[in-house]
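All residue numbers refer to positions in the sequence shown, counting from 1. The figures here come from the full heavy-atom set of this structure, side chains too, leaving out hydrogens, waters and symmetry mates.
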Amino acid sequence: MSQAAQSNRSDRPWPPQAAGDSGGRAAGGVIFAAVMLLCSGVLAVLQGIAAVAEDDVYARVGTYVYEINLTGWGIIHIVVGALVAVTGAGLLKGMAWARFAGIALASLSLVTQFLFLPYQPVWSLFMMAVDVFVVWALAGHREATS
């Protein structure tokens with residue numbers, strides 16, 4: 001192979017980008033993850049408020065090893081949800097700290113939703129899937145190098 005052909009091959013960005021596309025597909029995934037963090041944070045706060053306000057909103061399905069009363073779960077969801085929503089807003093604004101905080105908080109949210117399974121099984125599974133996608137999108141994003 002000639003020298004010119006080899007230099008052209010290494011100059012191409014990966015993943016391939018369309019002309020004028022500075023962020024590529026990975027940036028689109030990060031923006032979508034940021035919106036999902038923002039939305040899931042707000043929904044977690046609402047979930048927590050419902051648990052604190054009315055103990056009869058959630059029905060327990062069977063016995064569970066990790067027993068915390070609903071007021072405790074409500075406070076946990078309010079705190080984690082508020083932190084997740086702030087991190088999602090930070091990601092949308094392009095804050096450098098928000099990517100790593102988003103991975104950590106989405107992982108924490110995943111664990112809290114797993115532990116909340118006996119109270120809202122379907123909703124918790126849905127939110128766990130959202131959290132897994134957010135972690136995947138944020139962990140797979142590489143910053144643009146100049």
Side-chain angles (χ1 to χ4, degrees), residues 7-146:
S7 67
N8 284 343
R9 180 175 288 162
S10 64
D11 292 342
R12 289 182 284 182
W14 185 257
Q17 300 171 355
D21 184 13
S22 62
R25 289 175 282 180
V30 170
I31 292 171
F32 187 70
V35 171
M36 293 305 291
L37 270 176
L38 188 62
C39 291
S40 69
V42 170
L43 291 173
V45 168
L46 294 175
Q47 183 179 13
I49 290 171
V52 169
E54 296 286 331
D55 280 348
D56 59 346
V57 171
Y58 297 110
R60 174 177 248 170
V61 181
T63 60
Y64 200 52
V65 175
Y66 309 106
E67 289 189 36
I68 299 177
N69 66 5
L70 279 175
T71 304
W73 278 120
I75 292 169
I76 289 169
H77 281 299
I78 290 170
V79 170
V80 171
L83 291 172
V84 167
V86 167
T87 303
L91 269 172
L92 284 175
K93 290 182 179 182
M95 302 292 183
W97 58 267
R99 184 172 152 232
F100 296 108
I103 292 171
L105 287 172
S107 300
L108 179 64
S109 175
L110 182 106
V111 171
T112 59
Q113 290 296 336
F114 174 76
L115 295 174
F116 199 68
L117 271 170
Y119 299 99
Q120 284 292 102
V122 176
W123 181 253
S124 291
L125 286 174
F126 173 74
M127 293 306 290
M128 287 168 60
V130 168
D131 291 332
V132 167
F133 172 76
V134 166
V135 169
W136 172 78
L138 293 178
H141 177 66
R142 296 212 168 102
E143 296 294 326
T145 57
S146 303

field: Residue pair Phe100 / Thr87, side-chain heavy-atom distance below 4.5 Å
entry: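 No; the side chains remain at least 4.5 Å from each other.
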message: For a 4.5 angstrom cut-off between non-hydrogen side-chain atoms, does Val134 reach Val84?
response: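 The answer is no, as the side chains (C-beta and beyond) never meet within the 4.5 Å cut-off.
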Where do [X] and [Y] come nearest, in terms of heavy atoms and distance?
X	Y	answer
Gly81	Ala44	CA-CB, 3.7 Å
Trp73	Leu115	CH2-CB, 3.2 Å
Val35	Leu92	CG2-CD2, 4.1 Å
Ile103	Val135	O-CG2, 4.0 Å
Ala51	Gly74	CB-CA, 3.7 Å
Ala106	Leu37	CB-CD2, 4.4 Å

message: Applying side chain to side chain donor-acceptor pair (under 3.5 Å), can you list everything that pairs with Ser40, at least two apart in sequence or on another chain?
response: none
Nearest 0.5 Å please: distance from the [atom1] atom of [X] over to the [atom2] atom of [Y].
X	Y	atom1	atom2	answer
Ile78	Leu83	CD1	CG	12.0 Å
Ile76	Leu70	CD1	CG	11.0 Å
Leu125	Phe116	CG	CZ	12.5 Å

task: Not counting sequence neighbours, list each pair that qualifies as a side-chain hydrogen bond (donor to acceptor under 3.5 Å, both in side chains) and has a residue in residues 103-117.
output: Gln47-Gln113, Ser109-Asp131, Gln113-Ser124
- prompt: Got a sec, which residues hit ring-ring contact (aromatic ring centres under 6.0 Å, His included) with Phe126, two or more places apart in sequence or on another chain?
  reply: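 So Phe126 forms a ring-ring contact (aromatic ring centres under 6.0 Å, His included) with Trp123.
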